[in-house]
Amino acid sequence: MAKKTQERREQLRRSLIEIAERRIAEKGYPALTARDVAGEAGCAVGAIYNIFPDMDALVAAVNSRTVARLEGAVAAAFARDPSSALPKRALTLLGQTYFEFVLANPRLWSAIFELGFRASKEVPEWQVAEHVHLLGHIVKPLRQLLPTESQERLSLLAKSLFSAVHGIVSLGQQRRFMAVPPAEIAAQITFIVEAFCDGIVARKG
């Protein structure tokens, strides 16, 4: 009996995550409500809170799936490109893959940042670990360019480069103040990455 209860609980958990993911993809994180999710899942609203402590935890589970999909996109991009072993090319490819992923999944990716701004409590350790792992994709080629730098310094440089690329991708996606047309974003990413790499290597030298 206990095993069947656990199986039903896990099945409901998967269903809630899938429904929330689909609704976020279609309408965005701000439009997500417990009532709508429960209605589609065929359960009471209270059943959601038997699985997740709150709606933020449900969205965090959706975000984890989004991060995993980005990881898959990065792995596929690197597998297709033999020149990705070169550090500057690897960083450019990361930026291009990031842009393509955000373009294909705008609302799901925005939910990661929107949840971070809205949540009043600390980010769970497992979620921090996911983000650190993603940052590691940037740190690795930076270490090739700057083999004597400390891990702390490389992490700071990785965050700076990510911020630069994320900024231009976000402005291009939103098409607001100082927006970059989508057709130009790929070229801008290449320019930013190459200028960043050349700058840090020249400064080190």
Side-chain angles (χ1 to χ4, degrees), residues 59-106 108-117 119 121-174 178-180 182-205:
V59 177
V62 173
N63 290 346
S64 182
R65 284 164 61 105
T66 303
V67 170
R69 289 172 58 203
L70 175 58
E71 287 271 4
V74 167
F78 273 63
R80 292 192 301 266
D81 191 336
S83 65
S84 61
L86 301 173
K88 190 183 292 188
R89 174 56 186 161
L91 290 168
T92 301
L93 188 58
L94 283 170
Q96 302 287 1
T97 303
Y98 179 74
F99 165 56
E100 292 169 4
F101 185 85
V102 172
L103 199 63
N105 306 275
L108 285 170
W109 187 250
S110 291
I112 293 177
F113 298 93
E114 290 170 330
L115 179 62
F117 284 127
K121 49 189 171 296
E122 292 185 3
V123 178
E125 289 186 10
W126 63 265
Q127 199 168 9
V128 173
E130 285 184 344
H131 296 169
V132 170
H133 181 70
L134 272 180
L135 197 67
H137 290 296
I138 306 175
V139 170
K140 182 178 178 180
L142 285 177
R143 185 178 289 114
Q144 292 177 263
L145 291 172
L146 302 169
T148 62
E149 283 286 4
S150 67
Q151 180 65 28
E152 181 180 6
R153 176 63 177 164
L154 290 174
S155 294
L156 288 172
L157 289 171
K159 291 175 183 177
S160 296
L161 181 55
F162 171 77
S163 296
V165 172
H166 174 71
I168 194 168
V169 169
S170 296
L171 287 172
Q173 177 192 6
Q174 296 172 8
M178 294 179 64
V180 178
E184 298 295 327
I185 291 179
Q188 291 292 330
I189 289 173
T190 298
F191 174 80
I192 289 171
V193 171
E194 291 184 351
F196 184 91
C197 292
D198 293 344
I200 61 173
V201 171
R203 186 173 181 180
K204 185 66 177 178

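We count residues from 1, following the sequence as given. Quick caveat, the model's predicted, so the values are computed rather than measured.
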Using the rule given for side-chain contact (heavy atoms from CB on, under 4.5 Å), can you reason through V74 versus L134, listing the C-alpha separation, both sets of side-chain angles and the distance that settles it, and then say yes or no?
CA-CA 10 Å; V74 167; L134 272 180; 5.8 Å; no
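Minimum heavy-atom separation, S155 to L135: O-CD2, 4.1 Å. Between F196 and L157, the closest heavy-atom pair is CZ-O, 3.5 Å. Between T190 and Q96, the shortest heavy-atom contact is OG1-NE2, 3.0 Å. Nearest heavy atom pair, residue F99 against residue A186, reads CE2-N, 4.5 Å. A77 and L93 make their closest contact through O-CD2, 3.6 Å (heavy atoms, listed as atom of the first residue, atom of the second, distance).
Rounded to the nearest 0.5 Å, atoms NZ (K140) and CG (L145) are 13.0 Å apart. Atom CG of residue L91 and atom CD1 of residue I192 lie 13.0 Å apart, to the nearest 0.5 angstrom. Annotation: the span from L70 atom CG to E130 atom CD amounts to 11.0 Å, rounded to 0.5 Å. To the nearest 0.5 Å, atom CG of residue L142 and atom CD of residue Q151 are 10.5 Å apart. Note that CZ of F101 and CG of L108 are 7.5 Å apart. Values are rounded to the nearest 0.5 Å. Separating the CG atom in N63 from the CG atom in L115 is a distance of 5.5 Å, to the nearest 0.5 Å.
Each side-chain hydrogen bond (donor to acceptor under 3.5 Å, both in side chains) pair with one or both residues in residues 77-90, not counting sequence neighbours, appears once here: D81-S83, D81-R89, K88-D198.
Counting heavy atoms from C-beta on, the side chains of I200 and L146 come closer than 4.5 Å. Using a 4.5 Å heavy-atom threshold, the side chains of L94 and F162 count as separate.
The ring of H166 has its center closer than 6.0 angstrom to the ring center of F113.
Heavy-atom contacts from other residues, nucleotides or ligands closer than 6.0 Å to CD of E152 number 12 or fewer.
Between the side chain of S163 and the main chain of K159, a donor-acceptor pair closer than 3.5 Å is present.
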